[in-house]
Amino acid sequence: VYKRQVVIEPGWRLDVTADDNLVMRRIEPRQREILGKEADPVLLEVFNNLFMSIAEQMGEALRNTAQSVNIKERLDFSCAVFDAEGQLVANAPHMPVHLGSMDKSVETIARLRAGTMKPGDTFMLNAPYNGGTHLPDITVITPVFDTSAGNADPDILFYVASRGHHEDIGGLTPGSASPRATHIEEEGVYIDNFKLVDDGVFLETETHKLLTEAPWPARAPGKNIADLKAHVAANAKGVTELEKMVGHFGLDVVKAYMDHVQDNAEESVRRLLSKLPDGAFRVEMDQGSHVEVKITVDQTARTAKVDFTGTSPIQPNNYNAPRPVTRAAVLYVFRVMVDEPIPMNAGCLKPIEIVVPDGSMLSPEYPAAVIAGNVETSQIVTNCLFGALKAMGPSQGTMNNLLFGDDTYQYYETICSGSPAGPGFNGTAAVHVHMTNTRLTDPEILELRYPVVLEEFSIRRGSGGKGKWTAGDGIYRRIRFLREMTLTLLTSYRDVQPYGLDGGEPGECGTNWARRLDGEMERLQGCDETVLKVGEAVVLTTPTGGGFGHVT
């Protein structure tokens with residue numbers, strides 16, 4: 001008779017089922033899962049990656065189930081995990097301008113819906129003055145409840161959220177980014193604290209009504225709703241994975257390590273601040289406005305004050321950036337400066353005081369227009385911060401927003417240039433950098449889904465700003481239209497050259513053109529709107545960052 005021995009380690013129990021199966025159950029926590037004041041370094045790394053993994057899985061769910069090219073192909077979305085107070089714990093490496101500002105959206109829903117949320121509820125908003133960025137960016141937020149005890153009034157343990165840039169949310173022009181917009185409602189449907197899912201039921205009728213009854217309604221509400229259902233699916237994935245984590249490690253351990261990963265990020269930034277000098281910088285914009293920052297570091301206390309006093313006042317155009325956008329830029333810059341593999345989370349900002357003066361273009365109030373503030377001014381703020389820190393030269397300072405459409409088609413893209421140069425490194429050609437982290441749509445997908453032909457997309461070799469270290473090269477992009485479309489451009493550095501840093505030479509300005517049917521090349525402004533007939537084309541070259549350091 002063959003005999004087998006089963007060894008039962010301490011802390012485990014063995015049960016034999018009716019079918020003679022052996023079931024092992026842990027009855028005592030692992031030694032390193034016993035809570036203490038200090039984080040176990042191994043578990044800290046485990047939870048850093050687990051939290052980020054949940055956000056990444058949410059992103060894949062959103063991408064796989066979305067309908068729009070903007071989310072499915074360009075990856076213009078972000079997903080993240082938040083604690084019970086709405087503070088960012090971890091995110092996937094998605095869009096920095098989204099990730100550093102989403103917590104304010106979560107905090108808004110937590111505040112306005114306090115005491116009324118229940119399992120199965122999901123909410124959305126895009127209000128720029130209440131945690132949003134600009135109207136096409138819709139944030140979908142789902143609370144995660146403690147349902148383990150089966151009580152009728154469970155506590156909220158965490159939040160998960162996903163933010164996606166919708167191809168159209170209404171407004172004056174297809175794509176919702178008209179350079180003519182001066183009032184927020186001219187930019188599209190304004191959404192603030194809207195219940196999207198009630199007790200597990202998607203409120204499709206109510207959502208369709210919201211999207212179609214605004215002064216300038218959404219042009220394709222069916223596509224918005226399809227993408228919003230993808231948001232809900234992504235959030236559901238996040239909820240499921242967090243519940244699995246709690247089931248495996250226990251609620252006390254998960255909550256403790258949510259604090260530990262933030263504390264670790266805070267300590268990493270404090271170590272950085274202990275070595276940083278003070279700095280100040282000012283960046284001019286094409287529109288005649290400017291962003292100014294002064295960074296004051298207390299190396300002993302390991303804290304910093306980032307003061308934007310001196311920045312231009314609220315603008316009559318739409319280059320006003322909501323406060324969360326500036327906060328996102330600060331979070332991104334200081335996270336980039338930390339040379340350690342930590343999640344970008346709320347802990348990074350705990351040692352940093354951010355001063356944004358009231359009445360400035362970085363603190364707009366209703367009904368100021370903001371569409372370009374999120375995509376353009378955010379890049380200027382980022383360049384200004386890196387300039388003050390002397391960490392790297394400027395990027396192209398724009399996302400080069402190109403939009404076209406009609407009542408049937410709406411398309412939006414941001415267009416790359418070269419990455420910045422810095423002390424010890426050259427830039428790289430033709431990549432998205434800083435506050436945008438999207439892709440360009442593959443030519444095959446672009447031409448399959450839209451009535452256009454991509455005639456040329458190429459690198460402009462040698463166009464990067466020169467210096468001891470040279471900025472990356474920009475690009476040339478030409479798209480011909482097979483159907484009459486409205487074209488919208490929101491771009492920067494078409495008049496002002498991107499500056500060089502530390503003796504580096506400036507980069508090149510970008511250009512925008514319309515090639516008309518008779519072959520005439522019509523110069524378009526940095527922020528412009530026109531109609532392109534069948535056979536006409538838009539031609540765009542991107543600006544390039546300035547060089548870093550004197551040429552030797």
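This chain uses plain numbering: 1 for the first residue, then up along the sequence.
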Would you please say whether a donor-acceptor pair under 3.5 Å links the side chains of T309 and D307?
yes
Do F481 and F404 pass the ring-ring contact (aromatic ring centres under 6.0 Å, His included) test, and can you show the C-alpha distance, the side-chain angles, and the key distance before you say yes or no?
CA-CA 10 Å; F481 288 77; F404 58 78; 5.1 Å; yes
For E187 and S176, test the side chains for any donor-to-acceptor distance below 3.5 angstrom and give the result as yes or no.
no
Hey, are S312 and H290 close enough side-chain-wise for a donor-acceptor pair under 3.5 Å?
yes
Give a yes or no on this: more than 12 heavy atoms of other residues, nucleotides or ligands lie within 6.0 Å of atom CD of Q525.
no
Closest heavy-atom pair and its distance - P277, Q299
N-NE2, 4.2 Å
Test item: N383 side-chain N/O and S395 main-chain N/O as donor-acceptor pair under 3.5 Å:
yes
Side chain to side chain contact (heavy atoms under 4.5 Å, CB included) partner of N320, the single match among Q315, H134, E365:
Q315
Can you check whether V370's main-chain N or O pairs, donor with acceptor, with N374's side chain at less than 3.5 Å?
no
Describe, in one word, how the ring planes of H166 and H231 are oriented to each other, choosing from parallel (under 30°), tilted (30 to 60°) and perpendicular (over 60°).
parallel
Nearest non-hydrogen partners of D473 and S463, listed with the distance:
OD1-N, 3.1 Å
Give a yes-or-no answer on whether the side chains of T303 and D298 include a donor-acceptor pair shorter than 3.5 Å.
no
Any donor-acceptor N or O pair under 3.5 Å, side chains T511, T541:
yes
Can you list the steps and then say if E267 with R302 is a salt bridge (Lys or Arg N to Asp or Glu O under 4.0 Å)?
CA-CA 9 Å; E267 178 60 25; R302 302 190 303 167; 2.8 Å; yes
Check whether any side-chain N or O of T311 sits under 3.5 Å from a backbone N or O of E292 as a donor-acceptor pair, and report yes or no.
yes
Please check: side-chain N/O of N317 versus main-chain N/O of Q287, any donor-acceptor pairing under 3.5 Å?
no
Among P364, S289, C527, P179, the one residue meeting side chain to side chain contact (heavy atoms under 4.5 Å, CB included) with Y319
C527
Any donor-acceptor N/O pair, Q396 side chain to T398 backbone, under 3.5 Å
yes
CE-OG1 distance between M399 and T438, expressed to the nearest 0.5 angstrom
8.0 Å
How long is the gap from CZ on R163 to CG on D137, to the nearest 0.5 Å?
6.0 Å
T133 and S101: side chain donor to acceptor below 3.5 Å
no
Kindly determine whether K390 and D502 satisfy side chain to side chain contact (heavy atoms under 4.5 Å, CB included), including the steps that lead there.
CA-CA 8 Å; K390 291 185 168 52; D502 200 27; 5.6 Å; no
So, T441 versus Y411: side-chain donor-acceptor pair below 3.5 Å or not?
yes
Is the number of heavy atoms from other residues, nucleotides or ligands within 6.0 Å of NZ (K466) greater than 12?
yes
Look only at the side chain of D286 and the backbone of R494, and say whether a donor-acceptor pair between them is shorter than 3.5 Å.
yes
